[in-house]
Amino acid sequence: MPNGPPTGLDEARPAPSAPSAPPDPAADPPLDAPFADDFAREGLGPAWRPAGPGWLVREGRLCGEGNHNRGVWLARRLPPNARVEFDALAETSRGDIKAELFGDGASGASGPSYRDATSYLLVFGGWHNRRHVLARLDEHDPARLELAVDPAAAGPPRGRVRPGRAYRVRVERADGRTLTWHVDGVLVASFDDPSPLAGPGHDHWGFNNWEGGVCFDNVRASPLP
């Protein structure tokens with residue numbers, strides 16, 4: 001059969017879209033002035049980079065559930081010394097409030113256990129609300145700092161995470177090597193790292209979770225001298 005005239009169908013097909021470029025955290029602006037976010041909007045906005053699909057802004061808070069250690073990063077490069085503050089709330093009795101400090105700004109867990117982190121990991125009420133943990137690069141590291149939860153304690157540092165209660169969290173490094181973690185003004189853990197995480201690949205921070213729903217609000221991040 002002879003070829004007929006062109007039908008125009010090929011022309012009507014949309015051209016395949018080019019794959020999106022991977023994020024480049026090295027191109028993020030530096031945190032050289034205080035940053036604040038109260039999530040009084042509908043979407044994440046350009047300042048936040050999710051490593052997984054389960055992050056959204058709901059009722060004025062940044063929330064996630066079932067993210068399996070694929071967090072959401074602030075698209076700002078931290079200096080070696082910085083302070084981060086935020087409100088954190090667990091929606092269930094599982095607790096499992098997580099934050100990451102001095103990570104790469106893009107990645108998350110590649111498997112069921114977060115042994116390939118790029119950051120310091122803070123886990124408040126982890127492992128079904130049985131432990132508070134500060135770990136370096138591997139949340140299962142035997143050398144991690146760990147506090148066993150005391151069910152009888154009313155609050156930090158050993159109290160369990162109470163669902164629906166907002167906790168004020170502050171994490172900072174002021175001397176280039178010592179990370180301190182406070183909850184509601186009470187010291188939970190302090191880690192003096194002889195090989196501190198800093199510089200490219202270790203200059204971002206963000207939030208994370210495993211299964212239970214968590215929400216964050218009233219974020220403040222500031223450079224320190």
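No experiment lies behind these values; they were computed from the predicted model shown. What you see below is based on every heavy atom in this structure, not just the backbone, and it leaves out hydrogens, waters and symmetry mates.
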(message) Quick check: do V161 and D96 have side-chain heavy atoms less than 4.5 Å from each other?
(response) no

(request) For W127 and H140, run ring-ring contact (aromatic ring centres under 6.0 Å, His included): C-alpha distance rounded to whole Å, both residues' side-chain angles, the deciding distance at 0.1 Å, then the answer. (result) CA-CA 11 Å; W127 291 270; H140 297 278; 5.8 Å; yes

(message) I'd like to know if the side chain of W55 reaches the main chain of L44, judged simply by a donor and an acceptor atom lying under 3.5 Å from each other, with no hydrogens or angles considered.
(response) no

(message) I'd like to know if E146 and R131 make a salt bridge, using a cut-off of under 4.0 Å between side-chain N and carboxylate O.
(response) yes

(message) Between the side chains of D184 and R165, is the shortest nitrogen-to-carboxylate-oxygen separation below 4.0 Å, so that they form an ion pair?
(response) yes

(request) Might you point out which heavy atoms bring L122 and V171 nearest each other, and give the distance in Å? (result) CD2-CG2, 3.2 Å

(message) Assess whether a salt bridge exists between R83 and E172, defined as any Lys/Arg side-chain N lying under 4.0 Å from an Asp/Glu carboxylate O.
(response) yes

(request) Mind listing the closest non-hydrogen atom pair of V72 and W48 along with its distance? (result) CG2-CB, 4.0 Å

(request) For a side chain to side chain donor-acceptor pair (under 3.5 Å) with E211, tell me which candidate from R94, H128, H68 qualifies. (result) H68

(request) State yes or no: do V133 and W181 share one hydrophobic cluster built from I, L, V, M, F, W and Y residues joined by side-chain heavy-atom distances below 4.5 Å, directly or via other members? (result) no

(message) Between R136 and D141, does any NZ, NE, NH1 or NH2 come within less than 4.0 Å of an OD or OE carboxylate oxygen?
(response) no

(message) Can you tell me how far apart CZ (R170) and NE2 (H182) are? Round to the nearest 0.5 Å.
(response) 4.5 Å

(message) Under the side chain to side chain donor-acceptor pair (under 3.5 Å) test against E100, which residue among N208, T118, N69 passes?
(response) N208

(message) One pair to check against side chain to side chain contact (heavy atoms under 4.5 Å, CB included): W210 and V123. What are the steps and the verdict?
(response) CA-CA 10 Å; W210 177 247; V123 189; over 6 Å; no

(request) With sequence neighbours left out, write down each residue that passes ring-ring contact (aromatic ring centres under 6.0 Å, His included) with Y120, or none if nothing qualifies. (result) none

(message) Looking at H202, is its backbone amide N or carbonyl O close enough to the side chain of D104 to form a donor-acceptor pair, meaning the two atoms are under 3.5 Å apart?
(response) no

(request) Could you list the residues that satisfy ring-ring contact (aromatic ring centres under 6.0 Å, His included) with H132, not counting sequence neighbours? (result) F124

(message) Do L121 and I97 land in one hydrophobic cluster if side-chain heavy atoms of ILVMFWY residues count as linked below 4.5 Å?
(response) no

(message) Between N67 and N209, does the side-chain hydrogen bond (donor to acceptor under 3.5 Å, both in side chains) criterion hold? Intermediate values first, please.
(response) CA-CA 6 Å; N67 291 294; N209 95 308; 2.8 Å; yes

(message) Evaluate D28 against H204 for side-chain hydrogen bond (donor to acceptor under 3.5 Å, both in side chains), listing each step before the verdict.
(response) CA-CA 10 Å; D28 291 338; H204 285 73; 2.7 Å; yes

(message) Do the side chains of R58 and E91 get close enough for a salt bridge, i.e. N-O under 4.0 angstrom?
(response) yes

(message) Same cluster or not: L56 versus L74, using hydrophobic residues (I, L, V, M, F, W, Y) connected whenever any side-chain heavy atoms lie under 4.5 Å apart?
(response) no

(request) Would you confirm whether R158, through its side chain, and A148, through its main-chain N or O, come within 3.5 Å as a donor-acceptor pair? (result) yes

(message) Run L134 and L179 through side chain to side chain contact (heavy atoms under 4.5 Å, CB included) and show every step you take.
(response) CA-CA 9 Å; L134 171 56; L179 199 72; 3.9 Å; yes

(request) With side chain to side chain contact (heavy atoms under 4.5 Å, CB included) as the test, would you mind laying out the steps for S110 and D116 before giving the verdict? (result) CA-CA 7 Å; S110 60; D116 53 351; 2.4 Å; yes

(request) Of all the heavy-atom pairs spanning P157 and L187, show the shortest one and how long it is. (result) CB-O, 3.7 Å

(message) Are D37 and F35 packed together at the side-chain level, in the sense that at least one heavy-atom pair is separated by less than 4.5 angstrom?
(response) yes

(request) For D138 and A135, work out which heavy atoms get closest and say how close. (result) O-CB, 3.4 Å

(request) Using a strict 4.0 Å threshold on nitrogen-to-oxygen distance, state whether R168 and D87 make a salt bridge. (result) yes

(request) Report the relative orientation of the aromatic rings in F86 and W205; use parallel for angles under 30°, tilted for 30 to 60°, perpendicular for over 60°. (result) parallel

(message) Between D203 and R76, does the salt bridge (charged side-chain N to carboxylate O under 4.0 Å, His left out) criterion hold? Intermediate values first, please.
(response) CA-CA 8 Å; D203 55 0; R76 298 287 189 277; over 6 Å; no

(message) Test question: given the 4.5 Å side-chain rule for I, L, V, M, F, W and Y, name all other residues clustered with L89, or answer none.
(response) none

(message) Within the 4.5 Å heavy-atom criterion, are P29 and R77 side-chain neighbours or not?
(response) no

(message) Closer than 4.0 angstrom, basic N to acidic O: yes or no for R173 and D193?
(response) no

(request) May I ask you to test the R177-D192 pair for a side-chain heavy-atom distance under 4.5 Å? (result) yes

(message) I'd like to know if Y114 and L197 are part of one continuous hydrophobic network [Ile/Leu/Val/Met/Phe/Trp/Tyr, side-chain heavy atoms within less than 4.5 Å].
(response) no

(request) Report whether V219 and W73 are members of the same hydrophobic cluster (ILVMFWY, side-chain heavy atoms less than 4.5 Å apart, transitive linking). (result) no

(request) Indicate the atoms forming the closest heavy-atom contact of A90 with G95, along with that distance. (result) CB-O, 3.7 Å

(request) List the atom of P223, the atom of P34, and the distance in Å for their closest heavy-atom pair. (result) CD-N, 4.0 Å

(message) Contact between P25 and R49 at the side-chain level, heavy atoms closer than 4.5 Å - yes or no?
(response) yes

(request) May I ask you to decide whether E139 forms a salt bridge with R115, counting only side-chain N to carboxylate O separations under 4.0 Å? (result) no

(request) State, with a plain yes or no, whether a side-chain heavy atom of L147 is found less than 4.5 Å away from one of V188. (result) yes

(request) Apply the test side chain to side chain contact (heavy atoms under 4.5 Å, CB included) to residues S190 and T178: give CA-CA distance (whole Å), side-chain angles for both, the deciding distance (0.1 Å), then the verdict. (result) CA-CA 7 Å; S190 177; T178 307; 3.6 Å; yes

(message) Once rounded to the nearest 0.5 Å, what's the spacing between atom CG of L224 and atom OG of S222?
(response) 7.0 Å

